[in-house]
Amino acid sequence: MLEEPQITVLSWLDSPMANYGFSIQAREQLSGLLLDDDAYQLFSRIVLDPPQIESDEQRTQRSWRAMKLLLDDLNATSGGRSSLIDATKAGLLAKDIFASIGKPNTNILHVRTLLEALLEAHPSSVISAACAGGKDGMEKNLGPLLAAGTSSQTLPTITHIILYGCLGKQGKPSAEQTVIQHQEAMQKNISLSQGHRRKFVRVLSDWSVLAQLIQCISAHEGENPSIGEDVCETILTIVECLGYPEKSLSDGQAQKKDKSEAIGEENLLAPLGQQEWWDPLIAMLDGKTSDAAKVAATRIMMGVFTLATGRSSRIRKQNSVMTDATESNLGETKVNEIVPDANKDLPHENKLLKWGLTSKIHDSLLKYLPQLVHALLRDLETGIESGATQYFERGGFSDDIPGVAHPGRYCVTPFTSWRLHVCILLAELLTYNGPEEKGECLNSNCIEEAETFRLMAMNAVMEFSLPPALQTNDVDDVSEEAVFNPWPFLCDWVFEYPENALYHFQFIRLFKAICMEHHEVSLRLVLQKLKFVSRAVKACSGKVANKGVLLVCLNVLRLRSYSLAPSAFLCQFLKSHDAWKGFQEELLRMTLEQERHSHPVPSKESHFGEPVDVNLGSSYAIQLGFDGVEAYQAGTAQQPLGAEPEGKKKKKKKRKKKK
């Protein structure tokens with residue numbers, strides 16, 4: 001049986017006047033009810049536990065109007081006006097919100113919106129309510145948000161709660177940072193005490209929130225296949241904001257003393273360095289898992305590792321102040337007024353590296369390299385005869401495929417985005433050289449040091465056996481769980497998917513890595529066993545879609561050979577390769593044709609017609625990653641194509657020693 005105040009509120013919510021929120025007229029009509037200390041509960045119950053009525057539309061309408069009134073009241077708090085909800089009541093309301101999530105009649109969108117508004121107005125109260133009761137309390141309060149995450153509506157709310165509790169303010173990835181948001185954030189003085197943050201982080205670590213998020217993918221994948229992408233974005237946002245804390249943008253703020261203290265964020269992200277956290281992600285790569293789950297798992301692995309190494313494009317860039325395109329006429333003056341020195345780069349502190357998580361993540365991924373390679377090669381055949389991409393004459397018909405004639409080409413076996421993620425992860429492993437790297441040792445007179453990170457990865461890849469077709473001994477039975485060397489497949493895919501530019505870019509990174517390191521075992525396999533140079537030269541002689549990636553790889557070989565001693569394997573191999581020697585003039589012509597402008601470029605007309613250099617030290621070589629690389633010992637190095645030979649030096653006569 002409803003009480004009289006509830007009946008009054010319900011009748012008022014059913015009136016059109018409720019659409020206007022807490023207006024002056026609304027406060028006058030409800031003045032008698034608003035004087036009560038628990039007046040806010042009359043409206044919150046409509047949102048959190050709506051009364052049973054026959055009309056779902058009317059129940060949703062009441063819930064939305066009640067939520068709108070509470071939002072107006074919370075906005076009044078930030079504006080300094082009187083409010084129904086103070087800090088004490090905000091904590092009680094937060095507990096009621098946590099308890100209401102998952103109820104059948106509750107509109108999760110309204111509840112989420114109310115919780116986020118409450119978090120903005122009273123963050124300390126919400127954070128205290130979330131971690132009340134320790135680990136069990138966190139499971140009781142935030143656990144239903146993950147269960148309700150099947151609708152993908154509560155994961156952003158969980159992200160905001162976690163970042164507020166850890167950072168003491170709202171944390172957002174760099175892609176969402178704008179000038180207006182920065183200005184609003186600087187004007188807000190709402191912050192959490194060190195005690196609140198430390199307790200919240202400790203309870204969150206005990207609850208293992210990162211492991212809970214991973215389990216959310218497998219638990220709710222059947223109900224919502226896109227849940228994996230939402231969980232992925234949540235994890236990467238948390239790792240980015242905690243691993244790369246935001247720095248002050250103005251010189252005055254940068255000079256202030258940093259009063260922040262460690263609150264245990266490293267314990268919250270510590271599972272990233274443990275194999276137990278990676279086990280469920282690797283398990284999602286088996287053949288029984290959906291492609292959506294594989295995409296999420298591989299993107300998480302790729303994103304976390306690139307964040308740990310500092311190579312991720314997600315890393316917040318303090319100078320990337322974004323404005324609307326329509327405001328471009330305002331110039332840089334207004335931007336610099338809001339954010340001083342907006343165009344200056346500020347260093348980022350990689351906390352993941354400082355906490356020792358980068359090397360642990362690297363070790364974990366190397367241990368899982370067999371599973372990653374096995375998943376990468378599953379269901380994709382190798383060899384040109386596999387016909388991964390088929391071509392038709394325009395307007396022609398195919399006997400194998402019924403229906404309308406295909407106008408061009410199609411992929412018989414799709415490459416898939418999750419397989420591309422694994423290729424990117426493999427490229428990151430083969431190019432990362434550790435935090436203490438002072439520079440790439442590309443000249444032959446460098447002193448070889450201890451095994452580097454990328455050398456460890458290259459050696460681990462070469463430990464896998466070759467596919468049966470490339471083995472000298474006949475292999476009768478091949479286990480389905482056998483892991484083969486990926487290089488034969490990686491090279492074949494360049495030709496099987498000639499228009500997959502995303503994969504071609506990753507192959508260039510992989511190919512350049514073994515050339516820069518001069519990993520002889522890998523080079524012998526790719527160049528000798530797989531005949532990559534012969535296939536590339538033959539393909540470049542015709543009109544093919546993958547000519548661009550092949551020219552880049554051939555130029556990498558050309559430039560790298562100039563910096564090596566003549567006795568090095570790469571120099572000896574190219575010197576004895578007839579097809580390579582016969583293609584040098586054509587390779588130079590094609591490269592110069594690509595680099596030379598066909599017509600004057602605006603603002604660069606003076607450079608039009610100037611000779612183009614594509615050898616070591618040129619801008620072209622720098623673009624390929626040969627910055628600072630010099631030819632091996634002037635006078636004895638293999639002379640770059642097109643360069644004038646140096647004159648012969650006179651030999652000095654040795655003076656005979658007097659007896």
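Below, each value reflects all heavy atoms present in this structure, side chains not excepted, and no hydrogens, waters or symmetry copies.
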Undergrad: Are Tyr497 and Tyr503 close enough that their ring centers fall under 6.0 Å?
TA: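 Not close enough - the centres of the two rings lie 6.0 Å or further apart.
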Undergrad: So, for Leu490 and Leu426, which heavy atoms are closest and what is the spacing to 0.1 Å?
TA: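 Between these two residues, the closest heavy atoms are CD1-CD2, 4.2 Å.
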Undergrad: If we only count heavy atoms from C-beta on, is the Val373 to Asn485 side-chain gap below 4.5 Å?
TA: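 No; the side chains remain at least 4.5 Å from each other.
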Undergrad: Any carboxylate oxygen within less than 4.0 angstrom of a Lys/Arg side-chain nitrogen, looking at Arg419 and Asp291?
TA: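 Here Arg419 does not pair with Asp291 in a salt bridge, since their nearest N and O are not under 4.0 Å apart.
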Undergrad: Considering all heavy atoms of both residues, which atom of Met284 and which atom of Ile214 are nearest to each other, and what is their separation?
TA: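 Heavy-atom minimum between the residues: CE-O, 3.9 Å.
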Undergrad: Would you check if Arg558 and Gln584 make a side-chain contact, meaning some heavy-atom pair closer than 4.5 Å?
TA: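 Heavy-atom side-chain distance check passes, below 4.5 Å.
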Undergrad: Output yes when a side-chain donor or acceptor of Asn546 lies under 3.5 Å from a complementary backbone atom of Val494, and no otherwise.
TA: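 Side chain of Asn546 to backbone of Val494, a donor-acceptor pair under 3.5 Å: yes, one is there.
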Undergrad: Quick check: do Lys512 and Leu557 have side-chain heavy atoms less than 4.5 Å from each other?
TA: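 A side-chain contact is absent here, since even the closest heavy-atom pair is not under 4.5 Å.
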Undergrad: Under a 4.0 Å threshold between the charged nitrogen and the carboxylate oxygen, would Lys581 count as salt-bridged to Asp578?
TA: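 Lys581 and Asp578: salt-bridged.
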Undergrad: Measure from the ring center of Tyr620 to the ring center of Phe626 and say whether it is less than 6.0 Å.
TA: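 No, ring centres 6.0 Å or more apart.
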Undergrad: Has Thr358 got a side-chain atom pairing as donor or acceptor with Ala308's backbone, closer than 3.5 angstrom?
TA: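 Here the side-chain-to-backbone pair exists.
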Undergrad: For a quick test of reading the model, state the closest non-hydrogen atom pair linking Val544 to Ala539 and the distance between them.
TA: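 So the minimum-distance heavy-atom pair works out to CG2-O, 3.4 Å.
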Undergrad: One thing to verify: whether Glu233 and Arg314 come together as a salt bridge, which I'm taking to mean a side-chain N less than 4.0 angstrom from a carboxylate O.
TA: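 A salt bridge links Arg314 with Glu233.
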Undergrad: Do Leu551 and Gln594 come close enough that some side-chain heavy atom pair is under 4.5 Å?
TA: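 Yes; the side chains approach each other to less than 4.5 Å.
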Undergrad: Relative to the ring of Phe305, is the ring of Tyr432 parallel (under 30°), tilted (30 to 60°) or perpendicular (over 60°)?
TA: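 Tyr432 vs Phe305 ring planes: perpendicular.
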Undergrad: Among Glu520, His519, Arg524, which residue meets the side-chain hydrogen bond (donor to acceptor under 3.5 Å, both in side chains) test with Ser522?
TA: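 The residue from Glu520, His519, Arg524 that satisfies side-chain hydrogen bond (donor to acceptor under 3.5 Å, both in side chains) with Ser522 turns out to be His519.
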Undergrad: Going by an N to O cut-off under 4.0 Å, is there a salt bridge joining Arg589 and Glu585?
TA: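 Result for this pair is no, no salt bridge flagged.
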Undergrad: Looking only at heavy atoms, what is the nearest atom pair of Ser541 and Val537, with distance?
TA: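 Answer, listing the atom of Ser541 first, then Val537: OG-O, 3.0 Å.
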Undergrad: Taking the six-membered ring for Trp and the full ring for Phe, Tyr or His, determine whether the centres of Phe415 and Trp493 are under 6.0 Å apart.
TA: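 Under 6.0 Å, so yes.
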Undergrad: Under 3.5 Å, side chain of Thr591 to main-chain N/O of Leu587, donor-acceptor pair present?
TA: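 Yes; judged by distance alone, with no hydrogens or angles, the pair exists.
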Undergrad: So, for Phe495 and Phe507, is the gap between ring centers shorter than 6.0 Å?
TA: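 Distance test on ring centres: not under 6.0 Å, no.
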Undergrad: Can you check whether Phe464 and Phe484 have ring centres sitting under 6.0 Å from each other?
TA: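 No, the ring of Phe464 stays outside the 6.0 Å limit from the ring of Phe484, centre to centre.
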